[in-house]
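We're numbering straight along the sequence, starting at 1. None of these values were measured; they are calculated from a predicted model. Counting convention: from 1, in listed order, for ligands and their atoms alike.
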Amino acid sequence: ITKEQEALMKLIVEAYNKHQIPQDVTKQLVRFYSTEENFLLLTEIATSQVQVLVEFTKNIPGFLSLDHEDQIALLKGSAVEAMFLRSAQVFSRKMPKGHTEVLEERIRKSGISEEFITPLFNFYKSVGELHMVLEEQALLTAITILTPDRPYVKDQQAVERLQEPMVNLLKKLCVLQHPQEPQYFARLLGRLTELRTLNHYHAEMLTSWRVNDHKFTPLLCEIWDV
Ligand SMILES: Nc1ccc(C(=O)O[C@H]2C[C@H]3CC[C@@H]2C3)cc1
């Protein structure tokens, strides 16, 4: 192409890049969503997360051989933690530009009390900083579900026998994936401790939504006894 064509191209591209919808306009777009609509979005997210959790759990080797009542106790006992772990991974994975900000805004404007919003996004951030590979995410979620000391679990040994090989495998994987970071495995397990604190906030969140007569889906009512 000729020199003047190159100059013309430069002018056109500069003009094109200069005039874009600024980020804060997408934030204004978010403002068009009502609290109610944002709550319905979260209900959809939570419901599909729980559906995914149940299907994932059924595919954990040995899970379906556990006592049936213990299977239910493990699912109900780990649903909140597994859901937050998975939504943290989804949230921290590279979403298209601006989607993360919009989703964050909509979570913030969904009727969740401020005291829960902070620990929730702190957790999302701390999971994001780990840059877990898919295998680590899957194993950590399986380990969370196979926590022997959930309420109402009768045969805890049987659950330990399933969880232990997963923990050993994750430990080995961490050494291979993060050789320069010997304490990486410990950091991952530290996330599980942080997760347990979210259970308390989540229960409060459900209660506050219930008293304000927000409707849940049958699956969420069943898994969280609401
Ligand atoms: N009716 C409900 C709506 C949303 C939830 C929930 O746990 O939401 C979770 C999904 C992600 C966004 C907020 C948390 C993490 C529970 C009951």
Output yes when the distance from some N or O of ligand 1 to some N or O of Ser87 is under 3.5 Å, and no in every other case. no
Part of Met83 with heavy atoms under 4.0 Å of ligand 1, whether side chain, backbone, both or neither: side chain
Does only the side chain of Tyr201 get under 4.0 Å from ligand 1, or the backbone, or both, or neither? Count heavy atoms. neither
Does one side chain, of Ser87 or Gln49, offer a donor that lies under 3.5 Å from an acceptor on the other? no
Which heavy atom of the protein is the closest neighbour of atom 1 (N) of ligand 1, given with residue, atom name and distance? Thr43 OG1, 3.1 Å
For the residue pair Gln156 / Asp149, report whether a side-chain donor-acceptor contact shorter than 3.5 Å exists. no
Can you tell whether the side chains of Arg150 and Glu81 come within less than 4.0 Å, N to carboxylate O? yes
Aromatic ring pairing His178/Tyr184, orientation class (parallel under 30°, perpendicular over 60°, tilted between): parallel
The closest protein heavy-atom partner of atom 13 (C) of ligand 1 is Leu42 CD1, 3.9 Å
For atom 10 (C) of ligand 1, the protein heavy atom that lies nearest, with its residue and separation: Ile45 CG2, 4.0 Å
Rounding to 0.5 Å, atoms CG (Leu173) and CG (Asn168) come to a distance of 12.5 Å
Hey, are Thr2 and Glu4 close enough side-chain-wise for a donor-acceptor pair under 3.5 Å? yes
Suppose we measure from atom 14 (C) of ligand 1 to each protein heavy atom; which comes out shortest, and what is that distance? Phe84 CE2, 3.4 Å
Parallel, tilted or perpendicular: rings of Tyr201 and Phe116 (30°, 60°): tilted
Has Leu206 got any heavy atom lying under 4.0 angstrom from an atom of ligand 1? yes
By number and element, which atoms of ligand 1 are closer than 4.0 Å to a non-hydrogen atom of Tyr124? 11 (C), 15 (C)
Check each atom of ligand 1 against the heavy atoms of Phe39 and keep those under 4.0 Å away; list them by number with element. 1 (N)
Answer with yes or no whether His214 contacts ligand 1, where contact means a heavy atom under 4.0 Å from a ligand atom. no
Give the ring-plane orientation class for His214 versus Phe39, where under 30° counts as parallel, over 60° as perpendicular and anything between as tilted. perpendicular
Just distances here: any N/O of His202 and N/O of ligand 1 closer than 3.5 Å? yes
